[in-house]
Amino acid sequence: MDKKYTEHYSVFYRECLDAFKSANPDSTFRVFADMTFGGGGHSLGTVREIDNCHMYSVDQDPDAMKNGLEKIKSEGFTERLFLNKMNFESFPSFIKENHSEVKFDGILMDLGVSSHHFDDFSRGFSFREDAPLDMRMDYGNDEVPTAANFLNEYDEESIANVIYKYGEEHYSRRIAKAIVDFRQEKPIERTKELEDIVFHAYPKHLRHKRIHPATKTFQALRIYVNRELEVLEETIVELFSLLKVGGILQIISFHSLEDRIVKHKFKEIFQSDKNIVKILTKKPILPSDQEIKENSRSRSAKLRIIQKVDPNAQGGVGGKKSKKKN
């Protein structure tokens, strides 16, 4: 499954780089980290625009790794940009075990699924084309069950609960029953099979609305298969602990489930020691009209930023105000 990586639009590109630039600006040498290299926009942009800095980036996707290593080499950044294959939940322990002396001026988490995952239909993230129902970010890891494995092996209640919890799908029980009924005849193996099952499980008067009936179910399965919310919840506090004084942690989320976790974790960190923590975005930063025009997938994005501060100093990196209330 070795394929060219689809070009990816880096959401909040300017905002994230400007925030990195503003973190410890007087330091002669700064260190940053990008928890989802993807197409490399944020990582490469940082080393291009911030002189004398190092960037540690990670990604678990084999296609992103291959494409990323080639880009890093072609742009001559092999001595400044270090890309490692792992889920970002492993990053704190990786740093502590291998680079214990390193503390970060800025860490970025871009939680969005890359355009590559939706546009490469063979990955099974989209129902626009028929493909195996996989959905694993790390598709070479046989220890991670696929979406098809889950749908064919778990009971009706478990399937309904996953679709409701991670997709916020009100018709989760109808969909789960339809899935179990279908698999009595044959295993569910293809994206189009699942799309058709969900479509016909929906009430007839809701099947042709603007949002396709299968959208929330596919989102739920992707989140579940890749443990996206669990990993996020477990990692935020650990990443904050890797920051220098003056360092920032910025997180881009794309749906309410993610943003809720980020918001609550930032509050938890703040309440644990208000003297060293500053939440720079009381309300999340939202994409500009121009960004939405250029990339419609950024419409739901939110950016939140937190900073580790010197308890004896005032101020911090300035965060932009959001355009709307949360």
Side-chain angles (χ1 to χ4, degrees), residues 8-58 80-81 88 91 102-112 232 235-254 258-259 261-263 265-267 269-270 276-288 290-292 294-295 298 300-310 313-324 326:
H8 177 63
Y9 185 105
S10 298
V11 178
F12 292 125
Y13 175 85
R14 191 71 266 151
E15 290 87 345
C16 290
L17 262 66
D18 286 347
F20 273 171
K21 288 179 178 180
S22 300
N24 293 329
D26 297 329
S27 176
T28 55
F29 175 72
R30 290 186 282 174
V31 186
F32 301 97
D34 183 353
M35 295 297 95
T36 41
F37 182 86
H42 292 115
S43 291
L44 290 164
T46 300
V47 294
R48 287 190 197 112
E49 295 193 25
I50 301 178
D51 294 334
N52 198 26
C53 79
H54 280 176
M55 167 66 78
Y56 290 81
S57 298
V58 301
R80 296 179 57 205
L81 205 173
F88 60 69
F91 186 74
V102 173
K103 289 290 185 179
F104 293 88
D105 297 279
I107 299 175
L108 169 65
M109 302 177 79
D110 178 355
L111 305 175
L232 174 63
T235 309
I236 291 175
V237 174
E238 288 192 76
L239 290 176
F240 183 80
S241 73
L242 298 178
L243 295 176
K244 297 177 187 175
V245 171
I248 62 168
L249 172 61
Q250 44 186 342
I251 305 180
I252 303 170
S253 63
F254 285 83
E258 291 174 337
D259 183 61
I261 291 172
V262 176
K263 180 180 178 181
K265 281 295 177 182
F266 278 12
K267 285 185 176 179
I269 294 170
F270 177 73
I276 65 164
V277 181
K278 185 177 181 63
I279 297 176
L280 301 179
T281 48
K282 301 301 181 185
K283 298 291 183 180
I285 298 169
L286 303 178
S288 66
Q290 182 62 32
E291 178 156 359
I292 293 172
E294 292 173 1
N295 175 33
S298 69
S300 60
K302 293 180 178 180
L303 171 62
R304 294 183 186 269
I305 309 174
I306 194 171
Q307 184 178 34
K308 181 178 286 188
V309 297
D310 182 342
Q314 298 294 320
V317 176
K320 292 184 179 181
K321 294 181 179 179
S322 66
K323 292 160 51 181
K324 304 174 186 175
N326 183 13

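As a basis for the values below, the full set of heavy atoms in this structure was taken, side chains included, without hydrogen atoms, waters or symmetry mates.
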Gap between atom CE of M35 and atom CG of L239 - 0.5 Å precision = 6.0 Å
For the pair D105 (side chain) and G247 (backbone), establish whether a donor and an acceptor sit closer than 3.5 Å, ignoring hydrogens and angles.
-> no
Report the C-alpha distance between H54 and F29 in whole Å, list the side-chain angles of each, state the deciding distance to 0.1 Å, and finish with yes or no for ring pair (Phe, Tyr, Trp, His ring centres under 6.0 Å).
-> CA-CA 8 Å; H54 280 176; F29 175 72; 4.9 Å; yes
Over all atoms of both residues, closest heavy-atom pair of S10 and G41 = OG-CA, 3.1 Å
Out of curiosity, S300 OG to D259 CG, how far, rounded to the nearest 0.5 Å?
-> 10.0 Å
Say you draw a straight line from CG of L242 to CD1 of I107; how long is it, rounded to the nearest 0.5 Å?
-> 5.0 Å
Mind checking the CG-CD1 spacing from L17 to I50? Nearest 0.5 Å is all I need.
-> 6.0 Å
Between R30 (side chain) and A23 (backbone), is there a donor-acceptor pair under 3.5 Å?
-> yes
Side-chain (S298) to main-chain (V11) donor-acceptor, under 3.5 angstrom | no
Is there a side chain to side chain contact (heavy atoms under 4.5 Å, CB included) between T36 and F88 once you walk through the steps?
-> CA-CA 7 Å; T36 41; F88 60 69; 4.3 Å; yes
Closest heavy-atom pair and its distance - A33, F20 | O-CZ, 4.1 Å
Report yes if the side chains of F266 and I236 come closer than 4.5 Å at any heavy-atom pair, otherwise no.
-> yes
K103 (side chain) donor-acceptor with S241 (main chain) under 3.5 angstrom = yes
Of all heavy-atom pairs between C16 and I252, which one has the smallest distance, and what is that distance?
-> SG-CD1, 3.8 Å
All heavy atoms of F240 vs all of I276, minimum pair found to be CZ-O, 4.3 Å
Please report the C-alpha distance between T46 and L81 in whole Å, then the side-chain angles of each, then the deciding distance to 0.1 Å, and finally whether the side chain to side chain contact (heavy atoms under 4.5 Å, CB included) criterion is met.
-> CA-CA 9 Å; T46 300; L81 205 173; over 6 Å; no
Between D310 and V245, the two heavy atoms sitting closest are N-CG1, 3.4 Å
List in chain and number order the residues that pass side-chain hydrogen bond (donor to acceptor under 3.5 Å, both in side chains) with E238, two or more places apart in sequence or in another chain; answer none if no residue qualifies.
-> none
Are the side chain of N52 and the backbone N or O of T28 linked by a donor-acceptor pair below 3.5 Å?
-> yes
Does the side chain to side chain contact (heavy atoms under 4.5 Å, CB included) test come out yes or no for Q250 and T281, once each step is laid out?
-> CA-CA 10 Å; Q250 44 186 342; T281 48; over 6 Å; no
Using 4.0 Å as the upper bound for N to carboxylate O, is an ion pair formed by R304 and E258?
-> no
Does a side-chain N-to-carboxylate-O contact under 4.0 Å join R14 and D18?
-> yes
Hey, are the side chains of V262 and L232 touching, using non-hydrogen atoms and a 4.5 Å cut-off?
-> yes
Looking at CE of M55 and CZ of R80, how far apart are the two atoms once the value is rounded to the nearest 0.5 Å?
-> 10.0 Å
Heavy-atom closest pair, residues Y13 and G45 | OH-CA, 3.3 Å
side-chain hydrogen bond (donor to acceptor under 3.5 Å, both in side chains) partners of D34, counting only residues at least two apart | S43
Spacing of K283 atom NZ and K302 atom NZ [to the nearest 0.5 Å] = 9.5 Å
